[in-house]
Amino acid sequence: MKLDEKVIRCFSQLRSPEMQPLTEYLKGVKAETLEKLSQVGDVEQVYRLQGKVGAIRELLELVETSEDVIAKMKSNRKIGNF
């Protein structure tokens with residue numbers, strides 16, 4: 001699925017101080033899941049936990065890079081208008 005500017009702006013809003021508890025919670029869930037991952041032996045559980053960590057990491061990366069992505073989108077639009 002392709003991200004558009006509206007969605008990226010939503011991720012950007014997650015960088016605000018009011019949303020800090022949510023991002024900290026997600027970082028905590030990621031850390032806990034990584035800890036569980038190091039302790040499980042069942043292959044199916046490993047795959048599930050890896051997927052969970054990957055999804056959370058992707059969300060956190062989108063939050064962290066949202067401003068850069070918006071800037072790139074804007075610069076691409078300016079280049080396309082010439």
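Here the structure is a predicted model, which is why all the values come from computation and not from measurement.
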From CG (L59) to OG1 (T23), nearest 0.5 Å: 11.5 Å
Cluster check L26, L34: I/L/V/M/F/W/Y, side chain < 4.5 angstrom: no
ILVMFWY clustering at 4.5 Å (side-chain atoms), partners of V43: Y47
Closest non-hydrogen atom pair between S66 and S12, with its separation: OG-CA, 3.1 Å
Other residues, nucleotides, ligands: >12 heavy atoms within 6.0 Å of E24 CD: yes
Side chain to side chain contact (heavy atoms under 4.5 Å, CB included) between R57 and K30, worked out: CA-CA 7 Å; R57 181 181 10 195; K30 180 183 166 193; 4.2 Å; yes
Minimum heavy-atom distance L3-M73, with the two atoms named: O-CE, 3.5 Å
Cluster link I70 to F11, ILVMFWY, side chain under 4.5 Å: yes
Hydrophobic cluster membership, I8 vs L14, 4.5 Å side-chain cutoff: yes
Salt bridge E44-R48, side-chain N to carboxylate O under 4.0 Å: yes
Within one Ile-Leu-Val-Met-Phe-Trp-Tyr cluster: L49 and I56, side-chain cutoff 4.5 Å: no
Which atom of R15 lies closest to which atom of Q20, heavy atoms considered: O-OE1, 4.5 Å
Expected output: side-chain T33 to main-chain V29 donor-acceptor under 3.5 Å: yes
Hydrophobic cluster membership, V7 vs M19, 4.5 Å side-chain cutoff: yes
For the student: nearest non-hydrogen atoms of P21 and E18, plus distance: CD-O, 3.4 Å
